[in-house]
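This report refers to the structure that appears directly beneath it.
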Amino acid sequence: MLPIPPLDPKRYQLEELLAARGVDLGWLNAESSPYGTSNVARWSIVEADKIIPVHYAAAIADNPDVLQWTAELKANALKRQQASGAPIASIDHGPSLLLLGPTGTGKTHQAYAAIRELAITGVVARWTVTTAPDMYAALRPRHGIDSEAEFRSYRSAAVLLVDDLGASKVTEFTEEVNFRLVDYRYKHHLPTLFTSNALPRELNDKLGARVTSRLREMCQNVPVLGQDRRRRSAA
Ligand SMILES: Nc1ncnc2c1ncn2[C@@H]1O[C@H](COP(=O)(O)OP(=O)(O)OP(=O)(O)O)[C@@H](O)[C@H]1O
Ligand SMILES: [Mg+2]
């Protein structure tokens, strides 16, 4: 882990988040060894900033189920660190979450907020983030691309965000990617945050029975309901 110099809280839009979680900026920017929790938190904040789209760069999780999920992942990582004596606590196994709700209710906002939530804890979460349509596009077999290697980078990600699952037209190809991805992550207990616009009763049709069955067991379903926030902010 690289030593990370003190962070400007404004640059990383941290002030409100740190205040909400009672995290002291003095602690975050304290000198520490590269493996110290302050340095790990700084490293995680810098890494999170690279993958969070600017629109969600200040997102703060306010969904209790999302907060409970991040707390559980952190607790699991600390427990495993204690058992193994590893220098750093890393999230590598745990439950998954499926945020379900109509458009504009805040699913993507909560998902990126979860990344920020874990980043300030001093526990390492190595996220891979994608939308389902972007993932299918990245995996389409084409010249000069090893699509199996590409697939493995999603399949084996320590923590994976798949935004907009079920948003694409169903094809044999998307069905196969969904099944192979979900089945692998299900079998290996790899934490995944899925979001979907589908109604719970539509999941079967959009994803197929075998994917839906696995999702049901591996994920907590979290309804994200309410108005389309985009419409409200435009009004
Ligand atoms: N808790 C929140 N606080 C402030 N703004 C929010 C919150 N949740 C969502 N928003 C804002 O509302 C808008 C819609 O949120 P978001 O993009 O997360 O919706 P979504 O559920 O992912 O929609 P879609 O299904 O169309 O992808 C965005 O501008 C987002 O930044
Ligand atoms: Mg979204």
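Just follow the structure's listing: the first ligand is 1, and inside any ligand the first atom is 1.
Residue contact annotation: Gly101 has no non-hydrogen atom under 4.0 Å from ligand 1. No heavy atom of Val224 sits closer than 4.0 Å to any atom of ligand 1.
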Does the pair Ile60 and Asp62 meet the rule for a side chain to side chain contact (heavy atoms under 4.5 Å, CB included), with working shown? CA-CA 6 Å; Ile60 297 178; Asp62 53 15; 5.9 Å; no
Evaluate Thr121 against Thr70 for side chain to side chain contact (heavy atoms under 4.5 Å, CB included), listing each step before the verdict. CA-CA 10 Å; Thr121 62; Thr70 55; over 6 Å; no
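Note: Tyr112 and Tyr56 have parallel aromatic rings, judged against thresholds of 30 and 60 degrees for the angle between ring planes.
Listed by number with element, the atoms of ligand 1 under 4.0 angstrom from any heavy atom of Gly106 are 8 (N), 9 (C), 15 (O), 16 (P), 18 (O), 19 (O), 20 (P), 21 (O). For ligand 1, the atoms closer than 4.0 angstrom to any heavy atom of His55 are 28 (C), 29 (O), 30 (C), 31 (O). Of all atoms in ligand 1, listed by their number and element, those nearer than 4.0 Å to a heavy atom of Asp62 are 1 (N). The contact set between ligand 1 and Tyr56, taken as ligand atoms under 4.0 Å from a residue heavy atom, comprises 16 (P), 17 (O), 18 (O). In summary, the atoms of ligand 1 found under 4.0 Å from a heavy atom of Asn197, numbered by their order in the structure, are 25 (O). Less than 4.0 angstrom separates some heavy atom of Asp164 from each of these atoms of ligand 1: 27 (O).
Here the side chain of Arg126 pairs no donor or acceptor atom with the backbone of Ala157 at under 3.5 angstrom.
At a heavy-atom distance under 4.0 Å, atoms from both the backbone and the side chain of Thr108 approach ligand 1. At a heavy-atom distance under 4.0 Å, no atom of Ile60 approaches ligand 1.
Under the 4.5 Å side-chain criterion, counting only non-hydrogen atoms from C-beta, Leu160 is in contact with Thr128. Side-chain contact between Gln110 and Leu193: absent, with no pair of heavy atoms (C-beta onward) separated by less than 4.5 Å.
Note: an N/O pair closer than 3.5 Å links Gly104 and ligand 1 by distance alone.
Between Glu117 and Arg21, at least one side-chain N (NZ, or NE/NH1/NH2) sits under 4.0 Å from a carboxylate O, which counts as a salt bridge. Using a 4.0 Å cut-off between charged side-chain N and carboxylate O, Glu150 and Arg142 make no salt bridge. Under a 4.0 Å N-O distance rule, the pair Arg11/Asp49 qualifies as a salt bridge.
With 3.5 Å as the limit, one finds no donor-acceptor pair spanning the side chains of Thr103 and Asp228. A side-chain donor from one of Asp163 and Thr108 sits under 3.5 Å from a side-chain acceptor of the other.
Nearest-residue assignment for atom 13 (C) of ligand 1 (options Arg231, Gln110, Arg230; heavy-atom criterion): Arg230.
Contacts of Asp134 classified as side-chain hydrogen bond (donor to acceptor under 3.5 Å, both in side chains), with partners at least two apart in sequence or in another chain: Thr131.
Around the Mg ion (ligand 2), protein N, O or S atoms at a distance under 2.8 Å total 1; waters are neither shown nor counted.
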